Amino acid sequence: MSAENELSCVKVDIDDENIAWLSFNRPEKRNAMSPKLHYEMEEVVPQLETDPNVKVIVLTGEGVSWSAGMDLKEYFRETDDNPEARFKSYWSHRHWSQYLMLSSKPTIAMVNGFCFGGAFTPLAACDIAITAEEATFGLSEINWGILPGGNVSKVFSDLVSHRDAMYYAMTGRTFDGKKAVQMGIANVAVPADNLREETIVLARELMEKSPAVLAFTKQAIKAVRGMDMNMAYEYLSAKQGALRAADKEATRQKGMSEFLDKKSYRPGLGAVQRD
Ligand code: COA
């Protein structure tokens, strides 16, 4: 990672299992997202995307917070009279959130603590979210006088029911990790002490799959959300063909052979062994 030594708001650690631990690293500010944090993310996320050593990306936060959302001082107040600076950091946030959302690698949000306002955009951009039961979530914008922008209203409404979107956006009430799972914001809630361990279990499970099949599956699930039935049928047929050409491991042929000929495993119960 070329810029690793220069990073100050973001931390990257690629472990020997090929998991990239990407952390918001402003614990003293509860990992509020400043313009500098956005610029660093904008640089780092594409590097992780193209680094062959990275198989899974975990987005988490240093200290007691995942992220307290946009930095009210550095992102908002200090750029209120500087449209150029606001424009640059707004687009930087938008870029890196989209990079994350469009990543071909599995992405896991590991929510270790506070998750407020603008933090919902990168949270929703991750494929899977695992949270500490004790984490605190909230759309706090209403409390201090803005609407949930930068695309929080959109991503929150896409994740939860209309009733919950209205309720939490209008009241700013907080909720914990268990509630986040009930609402569809996170997949799993575990005690904070087990959070990292459970995340590693999940990452290992994802790494058992063919990376090409995973990437195409992610793209398919995301793409069909905006399609009608006929479009989805056509898209998925074409995508299936493209996957067969792209999967260098020929997982499909291997899976069929191991199940039908060798009778060595059950596709319903786990991934076919990779070479
Ligand atoms: N923007 C700027 N600074 C923030 C921040 C934010 N979103 N969230 C926390 N900080 C800063 C505080 O100003 C404080 O800085 P200081 O030490 O220089 O005074 C520091 O982080 C610690 O915050 P503090 O409020 O003392 O921590 P806490 O643990 O008691 O409370 C929160 C944590 C997250 C509940 C509280 O900081 C908070 O409400 N933050 C704002 C959350 C929010 O509304 N985000 C939405 C933005 S769209």
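Counting starts at 1 for both ligands and their atoms, following the listed order. Fair warning: this is a prediction, and the values are worked out from it, not measured in the lab. All values below were derived from every heavy atom in this structure, side-chain atoms included, with hydrogens, water molecules and symmetry-related copies excluded. Numbers for residues simply follow the sequence, beginning at 1.
Of all protein heavy atoms, the one lying nearest to atom 33 (C) of ligand 1 is F114 CE1, 3.6 Å. The protein non-hydrogen atom at the shortest distance from atom 34 (C) of ligand 1 is F116 CE1, 3.7 Å. Nearest non-hydrogen protein atom to atom 41 (C) of ligand 1 is A68 O, 4.3 Å. Nearest protein heavy-atom contact of atom 18 (O) of ligand 1 is K29 NZ, 2.5 Å. The closest protein non-hydrogen atom to atom 6 (C) of ligand 1 is A32 CB, 3.5 Å. Closest to atom 1 (N) of ligand 1, if we only count protein heavy atoms, is L72 N, 2.8 Å.
The two atoms that bring V44 and V12 nearest to each other are CG1-CG2, 3.5 Å, heavy atoms only.
Residue S140 approaches ligand 1 through these ligand atoms, each under 4.0 Å from one of its heavy atoms: 43 (C), 44 (O), 45 (N), 46 (C). Below 4.0 Å from some heavy atom of E28 lie the following atoms of ligand 1, by number and element: 20 (C), 21 (O), 22 (C). Atoms of ligand 1 found under 4.0 Å from any heavy atom of G118, numbered from 1 in the order shown, are 48 (S).
Checking atom 8 (N) of ligand 1 against the protein gives a heavy-atom contact under 4.0 Å. The presence of a protein heavy atom under 4.0 Å from atom 13 (O) of ligand 1 is ruled out.
For the ring pair (Phe, Tyr, Trp, His ring centres under 6.0 Å) test with W66, the passing option among F24, F137, F114 is F24; the others fail.
Shown here is K218, whose NZ atom has more than 12 heavy atoms of other residues, nucleotides or ligands within 6.0 Å.
Y265 and F259 have perpendicular rings, their planes meeting at more than 60° on a 0 to 90° scale where under 30° would count as parallel. Ring geometry for H93 against H38 counts as tilted: the plane angle lies between 30° and 60°, on a 0 to 90° scale. The aromatic rings of Y168 and F156 lie perpendicular to each other, with more than 60° between the two planes, well past the 30° mark. Ring-plane geometry between Y99 and H95 is classed as parallel, the angle between the planes falling under 30 degrees on a 0 to 90 degree scale with a further cut at 60.
Residue-to-ligand polar distances keep E141 apart from ligand 1: every N/O pair is separated by 3.5 Å or more. Geometrically, ligand 1 and I146 share no nitrogen or oxygen pair separated by less than 3.5 Å.
Which of K73, R30, R77, E74 comes nearest to atom 29 (O) of ligand 1 through a heavy atom is settled by distance: it is R30.
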Exercise. After noting the C-alpha distance and the side-chain angles of D80 and R86, does the key distance pass the salt bridge (Lys or Arg N to Asp or Glu O under 4.0 Å) rule?
Worked result: CA-CA 7 Å; D80 272 351; R86 171 68 60 80; 2.7 Å; yes
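Aromatic ring centroids of W144 and F116 lie 6.0 Å or more apart.
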